[in-house]
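Working notes, beginning with the structure itself.
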Number of protein chains: 2
Amino acid sequence: MKPYLSIQEAAASTGLSPDTLRYYERIGLIGAVPRGPGGQRRYVPDDMAWLAFLLRLRSTGMPVRQMQEFAELRRQGEATAGARREMLERHLEGVRRNIRQLEETAAVLACKVEHYRQLEASSIQPKAKGASHGKVRSDAKRALRQRPGKAAGD
Amino acid sequence: MKPYLSIQEAAASTGLSPDTLRYYERIGLIGAVPRGPGGQRRYVPDDMAWLAFLLRLRSTGMPVRQMQEFAELRRQGEATAGARREMLERHLEGVRRNIRQLEETAAVLACKVEHYRQLEASSIQPKAKGASHGKVRSDAKRALRQRPGKAAGD
DNA sequence: CCTTGACCTGGAGTGCGCTCCAGCTTTTAG
DNA sequence: CTAAAAGCTGGAGCGCACTCCAGGTCAAGG
């Protein structure tokens with residue numbers, strides 16, 4: 001039916017606020033959204049697709065500055081397709097590094113959680129006989145603390 | 001030899017700036033670093049371990065506010081170990097969601113890169129005979145553009 | 001002893017990415 | 001026709017996570 005969306009509809013469909021949509025336009029992330037006779041924005045499917053793409057860049061951590069560059073290249077037409085691809089590839093590389101780093105760190109944190117679990121198990125049942133030997137390590141560590149009242153690495 | 005680090009050494013070893021170390025102390029992320037006779041901070045291994053942990057929280061996107069809560073719990077001693085573990089688990093869950101989302105989005109972006117590649121291939125060699133048929137799609141899409149000078153989704 | 005450089009504190013300033021506001025025009029429901 | 005809702009513009013304000021600065025103290029080398 002209606003071949004365009006009002007700013008509020010566009011906001012609802014992207015999850016951005018109308019203010020943010022106007023802001024993105026002001027700073028050149030989206031160039032010149034077509035207007036109705038009274039001057040209101042009319043977001044056409046092209047605009048929505050571009051916004052969706054921008055949101056993907058944003059959600060993978062691209063700073064606004066770079067999105068502006070990308071948008072500027074896009075505005076310059078097909079001739080810049082190569083530059084845009086390269087930019088995207090560099091970004092993607094960074095995203096993948098980021099993912100790997102997150103995975104590594106998450107693994108370490110998971111380990112910490114495990115450590116907490118053991119600590120809790122041994123403090124909830126402090127009089128376990130045979131098993132306590134294996135868990136003394138964390139208590140030994142605790143005994144090494146330098147300043148009273150401060151637990152080591154937990 | 002020296003059982004502690006000066007603020008600059010601590011900065012070098014964590015990658016933070018001395019200012020940021022002091023800032024973290026002010027806002028309670030690290031509590032009361034021991035001082036030398038003249039009042040200078042002396043970062044002991046415990047502090048360094050805690051800082052390393054904080055940096056892991058930070059690099060996985062935990063806001064300072066939450067790190068403060070965590071630090072506060074830690075200050076309250078072993079009794080809060082359970083709460084800390086839960087907090088960590090919730091955080092970890094978020095991190096994992098985040099990773100999955102990044103992977104998905106990265107895949108879409110990779111797809112876009114591929115699309116660019118094809119676009120470039122067909123525009124660098126526009127007179128390819130047999131192969132051109134398969135690539136007309138992107139040109140057809142291009143022909144649909146509404147506002148002159150604006151490429152569809154590229 | 002004196003200089004130089006590291007450190008201290010409290011507070012102001014910065015960059016990013018929005019978000020809100022005032023004051024006005026346009027659209028829409030009744 | 002009117003009143004309320006939605007939109008517009010330019011500009012100010014905000015929360016976050018630092019970062020910088022002024023003005024003073026401390027420490028180590030010559």
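Numbered from 1 within each chain, the chains take letters A, B, ... in sequence-line order.
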>> Do the side chains of B/Arg117 and A/Glu89 get close enough for a salt bridge, i.e. N-O under 4.0 angstrom?
In response: yes
> Salt bridge or not for B/Arg65 and B/Glu69, using N-O below 4.0 Å?
Replying inline: no
>> If I take atom CZ in residue A/Arg22 and atom P in nucleotide D/dA12, what distance separates them, rounded to the nearest angstrom?
In response: 18 Å
> C/dC7 phosphate, OP1 or OP2: any side-chain N/O from B/Arg41 under 4.0 angstrom?
Replying inline: no
>> Using whole Å, what does the distance between atom C1' of nucleotide C/dC8 and atom CG of B/Leu21 come to?
In response: 14 Å
> Does the distance from a Lys or Arg side-chain N to an Asp or Glu carboxylate O, for B/Arg35 and B/Glu25, drop under 4.0 Å?
Replying inline: yes
> Do the side chain of B/Arg74 and the main chain of B/Ala81 share a donor and acceptor less than 3.5 angstrom apart?
Replying inline: no
>> Is a donor from one side chain sitting under 3.5 angstrom from an acceptor on the other, for A/Arg42 and A/Tyr4?
In response: yes
>> Please tell me whether B/Glu72 and B/Gln76 have a donor and an acceptor in their side chains that are separated by less than 3.5 angstrom.
In response: yes
> To the nearest Å, how far apart are B/Ile7 CD1 and C/dC8 C1'?
Replying inline: 9 Å
>> For the residue pair B/Gln101 / A/Ser59, report whether a side-chain donor-acceptor contact shorter than 3.5 Å exists.
In response: yes
> Side-chain N or O of B/Arg42 less than 4.0 angstrom from OP1 or OP2 on C/dC7?
Replying inline: no
> Which whole-number value in Å describes the distance from A/Ile27 CD1 to D/dG11 P?
Replying inline: 17 Å
> Salt bridge check: are B/Glu104 and A/Arg56 linked by an N-O gap of less than 4.0 Å?
Replying inline: no
> The side chain of A/Arg35 lies closest to which of these nucleotides: C/dC8, D/dC8, C/dC7?
Replying inline: D/dC8
Between protein and nucleic acid, restricted to nucleotides 25-30 of chain C and to nitrogen or oxygen atoms under 3.5 Å apart, what atom pairs and distances do you find?
unit_1 : atom_1 : unit_2  : atom_2 : d
C/dT27 : OP1    : A/Gly38 : N      : 3.1

> For B/Arg97, what residues pass the salt bridge (charged side-chain N to carboxylate O under 4.0 Å, His left out) criterion, not counting sequence neighbours?
Replying inline: B/Glu93
>> Tell me the interatomic distance from A/Glu9, atom CD, to D/dG7, atom C1', rounded to whole angstroms.
In response: 13 Å
> Taking CD from B/Glu25 and C1' from C/dT9, how many angstroms apart are they, rounded to a whole number?
Replying inline: 12 Å
> Which comes earlier along DNA chain D counting from the 5' end, the contact point of A/Gln8 or that of A/Asp19, where each point is its nearest nucleotide?
Replying inline: A/Gln8
Tabulate atom names and distances for all N/O pairs under 3.5 angstrom spanning the protein and nucleotides 16-18 of chain C.
unit_1 : atom_1 : unit_2  : atom_2 : d
C/dG17 : OP1    : A/Val64 : N      : 3.4
C/dG17 : OP2    : A/Val64 : N      : 3.4
C/dC18 : OP1    : A/Arg58 : NH1    : 2.9
C/dC18 : OP2    : A/Tyr24 : OH     : 2.8

